[in-house]
Amino acid sequence: MPTNLQTAPSTFVSVNPATGEALREFESATPEAVHTAVARARAAQPGWNALGVRSRIAVLRRFQSLLHERKASVARVITSEAGKPLVEALLTEVMVVLDAARFCIENSFAFLREQPVPHANPAMRTKAGCILREPHGVIGIISPWNYPFSIPATETLAALVTGNVVVLKPSEFTSLCALELASLLHQAGVPADALQVLVGAGETGAALINADIDKLVFTGSVATGKRIGQAAAARLLPVVLELGGKDPMLVLDDADLDVASSGAVWGAFVNAGQACLSVERCYVQRSLYEPFLKACVRKTNQLRVGNGLDPETDVGPLIHQRQLRIVESQVEDARALGARVLTGGERLAHLGENFYAPTVLADVTHQMRVMREETFGPLLPVMPFENDEEAIRLANDSDYGLGASVWTRDRSRGEAVARRIQAGAVMVNDAVSCFGISEAPHGGVKSSGIGHTHGCFGLEEMVRVKYVDSDRMPTVKKLWWYGYGESFRQEMEGFVDLMFARSWGSRLHGALRSLGAITRKGKL
Ligand code: NAD
């Protein structure tokens with residue numbers, strides 16, 4: 001039997017979710033192609049690393065100016081393939097990436113500088129220690145469709161600037177966006193083998209995990225993340241897992257009603273609710289509950305749903321039918337269990353098959369799926385609470401812990417509540433937008449993931465920390481080496497007392513007992 005059977009590539013089509021138009025047909029990368037790409041990447045890594053951080057920063061600068069020049073055309077590619085309004089493609093994708101490049105340009109040199117490690121232990125004073133941050137080598141990136149440009153780009157920039165090379169497997173729904181990113185980086189000077197895009201679905205991603213990569217950065221659903229975590233554990237492959245969320249929004253009774261309701265409507269419906277940091281659950285203190293609902297319904301009814309390429313559009317389509325059916329089934333479940341649908345709650349079939357009306361649900365409970373499972377669609381489910389304690393308990397009553405928001409005129413009250421919420425990021429008086437702060441770490445707790453992207457914590461994930469220790473007295477044997485015996489034991493007991501005894505008298509006594517060790521030559 002032949003042992004190296006070649007897998008025939010399957011094909012798939014990238015589709016505009018607003019119109020159903022086929023944008024391009026692709027051949028999935030086979031497992032063989034994945035292994036070949038990773039081998040090429042590995043061969044390219046030493047050269048890319050040897051360029052040095054200043055030269056890599058110069059490449060990022062060129063990338064940044066190319067992206068800035070082409071911002072409008074890149075935004076159009078994103079909108080055509082992912083559906084979001086053009087202005088969102090510009091602000092939440094292109095601008096986020098321009099700023100992530102700025103962050104890497106400004107911070108990578110200092111980040112990668114050797115860091116001296118002073119020693120406090122007197123026995124170690126003859127040593128000079130320092131920390132080196134070295135690239136892992138080949139970073140595999142598997143990314144989702146909802147921010148198809150900014151997610152792979154921010155991760156790729158951090159990986160490249162720290163001296164790694166990248167093999168990127170984008171979502172099968174948004175391959176064009178990833179190819180656009182690669183094209184800009186290659187034009188800026190990243191060698192072809194130092195950044196490769198392999199298109200395909202889950203099987204291509206699974207092949208990447210099994211290939212000879214040194215670390216994997218995965219962004220996607222909890223279900224896939226768990227599968228990937230298991231596969232990675234089997235070969236001790238380090239991973240970053242950026243997974244789903246069920247972000248709570250807490251509206252305290254002193255919040256500005258107009259601001260909080262606008263924030264809720266934007267936070268729940270931006271990118272048609274398909275943001276990992278979307279407002280997925282909204283809790284409102286009883287005294288504001290009915291007026292808040294009224295304001296949200298009024299504002300939701302003013303939103304224009306349609307094709308994202310139309311500049312007047314506020315809310316675009318969902319990515320595909322499967323996503324729409326999840327939204328529909330959660331609304332049906334909530335309705336059946338007594339929730340009120342105040343607006344929306346239906347498909348907008350006249351616009352196309354992936355459109356769902358922005359929906360406000362009232363009187364939801366934690367028995368409903370809409371408050372427990374990630375929706376990833378244009379739903380704003382709202383329920384009342386009585387006091388801050390109850391709001392915090394409800395916010396933390398979730399398997400997820402990605403983001404959260406607290407709304408109040410009293411910042412110290414908001415920050416006190418924020419400290420008690422189990423989440424990777426909590427915003428006071430805004431939602432979602434911390435993803436656009438390049439300095440802010442992004443990552444979840446509980447089922448929302450492991451590790452970070454963005455900021456210095458994101459750079460830290462891209463490097464191995466190596467401690468180098470260099471002794472300044474190469475001709476002197478260390479006093480703790482062999483040559484043990486009762487007198488040495490006593491000297492060392494004295495030394496431990498010198499270091500850690502509570503009273504100065506005992507320390508002095510310890511110092512005297514340990515004196516002999518200083519002149520000790522050692523028998524070996
Ligand atoms: P998904 O898990 O279906 O797919 C994500 C990626 O994994 C895709 O590229 C897919 O092809 C690939 N994949 C699927 N099965 C695989 C397997 N067995 N092995 C390897 N790769 C595999 O997620 P999605 O629908 O593309 O994205 C939406 C999800 O992503 C939501 O849950 C959302 O909350 C989450 N998300 C999280 C963040 C974050 O930063 N925490 C950001 C954006 C999206």
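For the side chain to side chain contact (heavy atoms under 4.5 Å, CB included) test with R56, the passing option among L160, T162, L112, V190 is L112; the others fail. Of the residues listed (L179, L184, L185), the one engaging L181 in a side chain to side chain contact (heavy atoms under 4.5 Å, CB included) is L185, and it is the only one.
At a cut-off of 3.5 Å, with distance as the only test, a side-chain donor of D397 or H366 sits close to an acceptor on the other residue. Donor-acceptor pairing under 3.5 Å is recorded for the side chains of S14 and E81. No hydrogens or angles considered: a donor-acceptor pair under 3.5 Å links the side chains of Q196 and R40. Checked by atom type, the side-chain pair S438/D99 shows a donor-acceptor distance below 3.5 Å. At a cut-off of 3.5 Å, with distance as the only test, a side-chain donor of Q330 or T375 sits close to an acceptor on the other residue. Between S175 and R24, the side chains place no donor N or O within less than 3.5 Å of an acceptor N or O (distance only, hydrogens not considered). Residues T219 and E242 bring no donor and acceptor atom of their side chains to less than 3.5 Å of each other. For the residue pair S183 / Q187, a side-chain donor-acceptor distance below 3.5 Å is found, with atom types taken as modelled.
A salt bridge is absent between R304 and D310; no separation between the charged side-chain nitrogens and carboxylate oxygens falls under 4.0 Å. Using a 4.0 Å cut-off between charged side-chain N and carboxylate O, E374 and R369 make no salt bridge. Here D212 pairs with R42 in a salt bridge; the nearest charged N to carboxylate O distance falls below 4.0 Å. Using a cutoff of 4.0 Å between basic side-chain nitrogens and carboxylate oxygens, K466 and E134 are scored as salt-bridged.
Under a cutoff of 6.0 Å and an axis angle of 45°, K84 and Y147 form a cation-pi pair. Annotation: cation-pi pair R347/F355 absent, no NZ/CZ under 6.0 Å from the ring centroid and within 45° of its normal.
Scanning all heavy atoms of the two residues, the minimum distance from W407 to N429 falls at CA-OD1, 3.3 Å. Taking every heavy atom of both residues into account, E172 and G202 meet most closely at OE2-N, 4.5 Å. When all heavy atoms of I228 and L216 are compared, the pair lying nearest together is CG2-CD2, 3.4 Å. In this structure, I142 and G205 approach most closely via the heavy-atom pair CD1-O, 3.7 Å. Residue K299 comes nearest to S262 through the heavy atom pair NZ-OG, 2.9 Å, listed as atom of the first residue, atom of the second, then distance. Between I139 and V217, the shortest heavy-atom contact is CG2-CG2, 4.0 Å.
Remark: side-chain polar atoms of N107 are not paired, donor with acceptor, to backbone N or O of C456 under 3.5 angstrom. Using a distance-only test at 3.5 Å, with no hydrogens or angles considered, a donor-acceptor pair links the side chain of N210 to the main chain of A206. No donor-acceptor pair under 3.5 Å is formed between the side chain of T174 and the backbone N or O of C177. Formation of a donor-acceptor pair under 3.5 Å by the N16 side chain with backbone atoms of A18 is found in this model. One N or O on the side chain of E93 and one on the backbone of F149 form a donor-acceptor pair closer than 3.5 Å. Judged purely by atom type and a 3.5 angstrom limit, S278 uses its side chain to pair as donor or acceptor with the backbone of A275. Of the possible donor and acceptor atoms, one in the side chain of E461 sits under 3.5 Å from a partner among the backbone N and O of H452. Using a distance-only test at 3.5 Å, with no hydrogens or angles considered, no donor-acceptor pair links the side chain of E21 to the main chain of V15. Between the side chain of Q45 and the main chain of V138, no donor-acceptor pair closer than 3.5 Å is present. Judged by distance alone, with hydrogens and angles left aside, the side-chain atoms of Q64 form a donor-acceptor pair with the main-chain N or O of L98 at under 3.5 Å.
Residues F63 and H68 place their aromatic rings such that the two centres sit no closer than 6.0 Å.
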For this session: For K169 and S143, run side chain to side chain donor-acceptor pair (under 3.5 Å): C-alpha distance rounded to whole Å, both residues' side-chain angles, the deciding distance at 0.1 Å, then the answer.
Result: CA-CA 7 Å; K169 207 298 284 175; S143 56; over 6 Å; no

For this session: Please step through salt bridge (charged side-chain N to carboxylate O under 4.0 Å, His left out) for the pair D214 and R464, ending with a clear verdict.
Result: CA-CA 10 Å; D214 298 296; R464 290 180 177 145; 3.8 Å; yes

Exercise. Can you list the steps and then say if R133 with E114 is a salt bridge (charged side-chain N to carboxylate O under 4.0 Å, His left out)?
Worked result: CA-CA 7 Å; R133 288 182 166 78; E114 287 181 22; over 6 Å; no

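Counting non-hydrogen atoms of neighbouring residues, nucleotides and ligands closer than 6.0 angstrom, the CZ atom of R235 exceeds 12 such neighbours. The environment of F12 atom CZ is dense: over 12 non-hydrogen atoms of other residues, nucleotides or ligands sit within 6.0 angstrom.
To the nearest 0.5 Å, atom CZ of residue R61 and atom CD1 of residue I57 are 7.0 Å apart. Interatomic distance, CZ of R420 versus CD of E415, reported as 15.0 Å (0.5 Å rounding).
Taking the six-membered ring for Trp and thresholds of 30 and 60 degrees, H454 and F435 have ring planes inclined between 30 and 60 degrees apart.
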